[in-house]
Amino acid sequence: MKILFVCENYIPHYGGAEVVFKNLAERYVQKGHQVTILTHQLKGTKKEENLNGVKVIRVPSFHSRYLFTFLSIPKAIKLAKEHDIIQTTSFNGAPPAWIAGKLTKKPVVITVHEVWVNKWKQVTDFSWLKCKIHELLEKAIYLLPYDRYICVSNATKKDLLKINIKKENAITTYNGLDYQFWDEKNFKDEDVKKIKEELNLKNNFVYFSWGRPGTSKGFEYVIKAVPKIVEKLPRSVFLFMTSSNPTYQKKYDQLMDLVKKLELAGFKENIKVIPSVPYEKLGNYIKAANCVVIPSIAEGFGYTTVESIAIGKPVIVSDAGSLPEVVSGKHLVFENKNSAMLAEKVIEMAKGKFQETPLKKFEWEDSVNKYLNIYKELL
């Protein structure tokens, strides 16, 4: 098959969607398929190159994924004529993919990571008007319509069906995880020991959260829980890894204000904020912690959860979105946005009180085969 991906971002930009499409594209190539990625051009990247057998074509869009939606349409149509099927995702790559598919009579499959329709006010700090505009735009994308909607969890599928997508066109296909990479043996004890020494974490109970400071990630609820946790666990430390990326500057500043207030209130030794590290080093920090906290208020799949579990680390997750669906192993669940309950769960975890269920695995081979079977069915 000749498969065309149309997506707003691709590597070297790294996020959940990019990890998914990199793995799908490269694994398709390994199975003998021809794959082209049409994406927006990031600063310092080539207009065209071959990455691990995948042809990547980048559209100059003044480094804006929003402009990519419009500027990519002519190229998407041209490439669609040369391919059998089009794969896209929400949000900015979806309209050009749909237009190209309709004009060239090629099937279009969209991967839906999260549905925020009727949730924008809940998961963002946008004004009422801004929430309404984003909700209308999101709904318009999903209602175009596509030949198949691949949902990354049953929670996402449930949300999608609420906006009247035909049930037979929506299919749950979990994302995969590279278990060879996320093997605790790959993260050396000496590296973990060095981190503990540098951050003065030895003899402390360390609970760890990481990720971009997006509004849906809920990190403020962990920060607010710190004083209650310290009451019962004086030698506990919240290790928080995040980025000061300009895209999330407002939320980053809000979180840092909360941290400063804690420090001024006498909790300086109980919270440590560190910058993001390269992907290949992240496992060392997960391994250095006693448990991982995922406080999301919306979550389509939950890579941070399954990555932590793969390394063998106990997790405390909120009940948002797919998290109760993908969590396994040693874990506890709390009500999202509830800092008091989050604090209770951290204290319970420190005392060795947790649920333990059989490990769930999300293999890439299963995911790839399900996608390819959907393509074949459509063709």
Side-chain angles (χ1 to χ4, degrees), residues 1-8 16-17 20-21 23-25 27-28 31 33 35 69 76-77 80 83-120 134-177 298-303 306 320-326 360-379:
M1 272 186 286
K2 293 181 179 179
I3 305 161
L4 172 64
F5 283 74
V6 182
C7 44
E8 60 204 67
V20 171
F21 289 130
N23 275 279
L24 289 177
R27 289 167 193 266
Y28 290 168
K31 288 181 176 287
H33 301 288
V35 179
T69 300
I77 295 168
H83 290 75
D84 301 313
I85 197 158
I86 304 168
Q87 170 70 57
T88 189
T89 187
S90 49
F91 293 106
N92 298 82
W98 183 83
I99 292 168
K102 287 300 171 188
L103 292 178
T104 60
K105 294 183 170 53
K106 301 293 174 72
V108 184
V109 175
I110 182 170
T111 296
V112 183
H113 298 280
E114 285 185 83
V115 179
W116 281 14
V117 175
N118 299 323
K119 293 183 185 178
W120 281 90
H134 277 78
E135 188 164 295
L136 289 171
L137 289 171
E138 182 186 6
K139 194 180 286 187
I141 286 170
Y142 293 138
L143 295 175
L144 276 175
Y146 302 85
D147 294 279
R148 290 291 184 277
Y149 298 77
I150 296 183
C151 305
V152 301
S153 65
N154 287 324
T156 297
K157 181 180 176 180
K158 184 179 177 182
D159 287 339
L160 185 70
L161 294 177
K162 288 177 184 175
I163 55 175
N164 299 319
I165 300 300
K166 289 182 180 178
K167 191 175 181 179
E168 60 270 24
N169 287 342
I171 301 163
T172 298
T173 301
Y174 292 111
N175 295 334
L177 185 72
E299 197 68 68
F301 176 66
Y303 263 118
V306 295
S322 66
L323 294 179
E325 185 180 337
V326 301
K360 295 176 184 176
K361 278 205 152 189
F362 302 91
E363 299 283 1
W364 268 120
E365 190 65 15
D366 294 337
S367 186
V368 167
N369 287 335
K370 284 181 180 178
Y371 270 88
L372 291 174
N373 286 337
I374 290 165
Y375 298 165
K376 289 171 185 174
E377 178 192 320
L378 289 171
L379 292 172

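Numbers here are sequence positions counted from 1. These figures come from a predicted structure and were not determined experimentally.
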Minimum heavy-atom separation for Y174 and S153, please, with both atom names. CE2-CA, 3.9 Å
Answer yes or no: is there a donor N or O on one side and an acceptor on the other, between the side chain of W98 and the main chain of P145, under 3.5 Å? yes
Quick one: does any side-chain atom of T111 pair with a main-chain N or O of T89 as donor and acceptor, under 3.5 Å? no
What's the spacing between C151 SG and K158 NZ if we round to 0.5 Å? 13.5 Å
To the nearest 0.5 Å, how far apart are OG1 in T173 and NZ in K370? 5.5 Å
Roughly how far, to the nearest 0.5 Å, is CD of E363 from CG of N369? 11.5 Å
Assess whether side chain to side chain contact (heavy atoms under 4.5 Å, CB included) is satisfied between N175 and F362, documenting all intermediate values. CA-CA 7 Å; N175 295 334; F362 302 91; over 6 Å; no
Scanning both residues in full, the closest heavy-atom pair of D147 with K106 reads OD2-O, 4.4 Å
Approximate separation, where rounding is to 0.5 Å, of E135 CD and I163 CD1: 9.5 Å
Looking only at heavy atoms, which two atoms of H113 and T156 are closest? And how far apart? O-OG1, 3.1 Å
Any donor-acceptor pair under 3.5 Å from T69 side chain to N92 backbone: yes
What distance do N23 atom CG and L177 atom CG have between them, rounded to the nearest 0.5 Å? 9.0 Å
Please check if the side chain of K162 supplies one atom and the backbone of V117 the other of a donor-acceptor pair under 3.5 Å. no
Just do the side chain to side chain contact (heavy atoms under 4.5 Å, CB included) check on Y146 and I86 with the steps written out, would you? CA-CA 10 Å; Y146 302 85; I86 304 168; over 6 Å; no
For the residue pair L24 and F5, establish whether any side-chain heavy-atom pair is separated by less than 4.5 Å. yes
Can you tell if the side chain of L378 reaches within under 4.5 Å of the side chain of I374, non-hydrogen atoms only? yes
Do side-chain atoms of S322 reach the backbone of G300 as a donor and acceptor pair under 3.5 angstrom? yes
Are there more than 12 heavy atoms of other residues, nucleotides or ligands under 6.0 Å from atom NZ of K2? no
Flag the pair E138 / V115 as yes when at least one side-chain heavy-atom distance between them is below 4.5 Å, and no otherwise. yes
d(L161 CG, Y149 OH) to nearest 0.5 Å is 10.5 Å
R148/E377 salt bridge by N-O under 4.0 Å criterion: yes
Smallest separation among heavy atoms of A94 and I110, with atom names: CB-CD1, 3.9 Å
F91 versus E8, closest heavy-atom pair with distance: N-OE1, 3.1 Å
Using side chain to side chain contact (heavy atoms under 4.5 Å, CB included), reason through M1 and K376 one step at a time and then give a plain yes or no. CA-CA 9 Å; M1 272 186 286; K376 289 171 185 174; 4.1 Å; yes
Please check: side-chain N/O of Y375 versus main-chain N/O of P107, any donor-acceptor pairing under 3.5 Å? no
Between the side chain of Y371 and the main-chain N/O of I150, is any donor-acceptor distance below 3.5 Å? no
D159/W116 under side chain to side chain contact (heavy atoms under 4.5 Å, CB included): CA gap, chis, key distance, verdict: CA-CA 8 Å; D159 287 339; W116 281 14; over 6 Å; no
Shortest non-hydrogen pair, A97 vs T88, comes out as CB-CB, 3.6 Å
